[in-house]
Amino acid sequence: MNEFDRISKNFSSSEGKDLKLKALNGFKDILPGEAELWRQVEDRARDIFARFNFAEIRLPILEKTELFARSIGETTDIVEKEMYTFVDKQITMRPEATASLLRAYIEHGLYVQKPVQRLFTIGPMFRHERPQQGRLRQFHQMDVEILGSANPRVDAELMAMGTMLLSELGLCVSLEVNSLGCPACRPAFRENLLSFLESRQDALCDDCKRRSITNPLRVLDCKKPNCRSIVEDAPSILEHLCPECAAHFSEVQDGLRQLGIDYSLNKFMVRGLDYYCRTTFEFTTTDLGSQSAVCAGGRYDGLVEQLGGPKIPGIGCAMGMERLVLLLLQKEQKIEGPAEMDLFIAGLGDAASRIAFSLMQSLRKEGVRVAMDLDNRGLKSQMKQADKAGARYVLMIGDDELAKNTGMLRNMATQEQQGIPLGDIRILIETTTTGRHV
Ligand code: ATP
Ligand code: MG
């Protein structure tokens, strides 16, 4: 089993045993080894968010159910069947971050401090879906939102940021863009689409038969092959845009060209949430089967007002971290191991072990990464542990050394050893540590 199989299947040594207490279906542990890869993704994202002037916001996991019903839309898949709701309390574990972020934005009047707010948040989301590779019930998103600007350049900038992050992670994805128009241009399109769908009712799947009455746009992004081929001939929203939306969309594309961002148009991308208007986009990959979207988002100019705030436009997108990590694993991306230890202290005998124990604490206070064997095993076993921990130095303290308040310091790379006063250990390690302040 290679690294990818091991991590993507969450292989554990107790596999096969009849364990009663296992994680819930669709909920996954992120074990050491994989966790480092997650941190790399997150660090790179934070670096890029800072380059684009985004500030972090941290939000609660539970919100009133009404928040999601009102923003995401009553007839969307998420609200209809994917939410984890405590029905007796009318609260829900967030299925996405935009609604919560906007709730906080309005509640704390963040629009007063700055006319344009650029915010990001990273964390778990919950949807009761059918679990499969790249689709979990607890999954993680990196979510970014720009509030306070309807400027099409903002849309281009956000997509440029997504492109930069995915390319700096070494991933090969494509960007698809569409415009969903606004409340002025959508009714005519809806009418046209409705009569098209009515003429093909019999051929649609049961879900789409229902959707064509409750939420006809949804039919356009049905994943079933038969429905897909039917909607090929459906009318396009792009041909129904009002002059303002058409101009906005053309400027978005102009912005993308100016920033050198490759994209293609996808007139059927409607996205699974009701709050979108005008620009919508998705970054997709062909390497994850039907879980092809790694990042998706769009503009939601009426949403702040709809949630009780002022009339403020906004745009945002969310990246699915599980899918990014899976892609990196498929590429057999080299995973950085845990941070290497500076020093392993091998105390030999009870008295030396006691000294080592308190020396370890004072060195840690100084910023040194130190480990020791608390169980006082033999020197051979301790040297093995030091090797496994990737320690750059081992300090051996035995009875002889202890009497002189010294230790024997071994450089694990060169195998050189020297006796040193215990008080000098930090200086010695510091002067030989490059690239890290201790
Ligand atoms: P999909 O079409 O794959 O169901 P979506 O349109 O429901 O995606 P969004 O709500 O736009 O997804 O969320 C943004 C991103 O979050 C997706 O592009 C995907 O990368 C990720 N994502 C969404 N749902 C899941 C899930 N259940 N498990 C893992 N990642 C997910
Ligand atoms: Mg979905």
Side-chain angles (χ1 to χ4, degrees), residues 8 10 24-28 30 34 38 41-42 45 68 71-73 75-84 92-102 120-145 158-159 162-163 165-166 169 171 173-178 180 207 211 215 217-224 227-228 266 268-276 279-300 303 315-329:
S8 61
N10 231 342
L24 296 171
N25 194 15
F27 291 71
K28 187 172 150 291
I30 300 166
E34 186 183 346
W38 280 73
V41 170
E42 198 176 313
F68 303 117
S71 56
I72 299 170
T75 58
T76 57
D77 280 355
I78 298 181
V79 174
E80 270 184 351
K81 53 186 186 204
E82 294 175 358
M83 296 209 301
Y84 282 90
T92 291
M93 294 173 78
R94 60 180 186 193
E96 55 109 52
T98 306
S100 313
L101 190 139
L102 262 56
F120 78 89
T121 192
I122 300 176
M125 308 295 153
F126 304 85
R127 294 185 196 173
H128 191 265
E129 303 193 65
R130 193 167 70 77
Q132 49 200 294
Q133 170 139 297
R135 188 174 298 284
L136 285 115
R137 291 180 172 173
Q138 175 176 332
F139 62 100
H140 298 76
Q141 285 186 338
M142 299 191 289
D143 182 85
V144 290
E145 312 286 347
L158 192 63
M159 288 182 257
T163 306
L165 175 53
L166 295 164
L169 287 172
L171 300 177
V173 294
S174 40
L175 169 61
E176 294 182 353
V177 188
N178 193 19
L180 294 183
D207 269 347
R211 285 184 193 126
N215 200 341
L217 263 126
R218 239 351 36 85
V219 178
L220 295 180
D221 72 354
C222 178
K223 305 267 173 358
K224 304 211 173 79
C227 296
R228 279 202 113 115
N266 176 356
F268 295 126
M269 192 212 312
V270 295
R271 311 281 307 107
L273 303 90
D274 275 357
Y275 50 61
Y276 289 119
T279 317
T280 54
F281 58 95
E282 270 185 20
F283 288 90
T284 56
T285 162
T286 50
D287 298 335
L288 287 178
S290 53
Q291 277 53 259
S292 59
V294 292
C295 171
R299 186 161 271 292
Y300 45 79
L303 187 56
I315 182 168
C317 66
M319 302 197 185
M321 295 188 73
E322 277 72 9
R323 296 184 191 176
L324 297 180
V325 168
L326 275 173
L327 285 171
L328 292 175
L329 283 166

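Remember, it's 1-based here, ligands and their atoms both numbered in the order they're listed. Along the sequence shown, residues are numbered consecutively beginning with 1. All values reported here derive from a predicted model rather than from experimental measurement.
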Subject >> Asn178 side chain near Phe281 side chain, heavy-atom distance below 4.5 Å >> reply: no

Review point. Short N/O distance, under 3.5 Å, between Glu282 and ligand 1?
Key: no

Of all protein heavy atoms, the one nearest atom 27 (N) of ligand 1 is Glu129 OE2, 2.6 Å

Counting heavy atoms under 4.0 Å, the part of Lys223 that contacts ligand 1 is side chain

Note: Cys317, heavy atoms under 4.0 Å from ligand 1, region reported as neither

Practice task
May I ask you to check if ligand 1 and Leu136 share an N or O to N or O distance below 3.5 Å?
Solution key: yes

The reported gap from CD in Glu96 to CE in Met125 (rounded to nearest 0.5 angstrom) is 8.0 Å

How about Met142 and Val41: do any of their side-chain heavy atoms sit closer than 4.5 Å?
yes

Notebook entry, point to check: Are the charged groups of Lys28 and Glu34 less than 4.0 angstrom apart, N to O?
Noted result: yes

Ranked by distance from atom 1 (P) of ligand 1, the top protein heavy atom is Arg135 NH2, 3.6 Å

of all protein heavy atoms, closest to atom 29 (C) of ligand 1 is Gly134 O, 3.2 Å

**Asked** Do Met93 and Phe68 have side-chain heavy atoms sitting under 4.5 Å apart?
**Response** no

Filtering Phe283, Phe139, Tyr276 for the heavy atom nearest atom 23 (C) of ligand 1 leaves Phe139

In this structure, atom 9 (P) of ligand 1 is nearest to the protein heavy atom Arg271 NH2, 3.7 Å

of all protein heavy atoms, closest to atom 17 (C) of ligand 1 is Ala293 O, 4.0 Å

If you compare Gln141, Lys28, Arg127 by their heavy atoms, the one closest to atom 12 (O) of ligand 1 turns out to be Arg127

shortest atom 21 (C) of ligand 1-to-protein heavy-atom contact is with Gly320 CA, 3.6 Å

Assess whether side-chain contact (heavy atoms from CB on, under 4.5 Å) is satisfied between Arg323 and Met321, documenting all intermediate values. CA-CA 5 Å; Arg323 296 184 191 176; Met321 295 188 73; over 6 Å; no

Tightest non-hydrogen contact, residues Glu282 and Ala296, listed as CG-CB, 3.6 Å

Val294 heavy atoms within 4.0 Å reach ligand 1 at atoms 18 (O), 20 (O)

Of all protein heavy atoms, the one nearest atom 8 (O) of ligand 1 is Arg323 NH1, 4.5 Å

All heavy atoms of Arg137 vs all of Phe27, minimum pair found to be CB-CE1, 3.6 Å

Between Asp143 and Ala97 the two heavy atoms that sit nearest each other are CG-CB, 3.7 Å

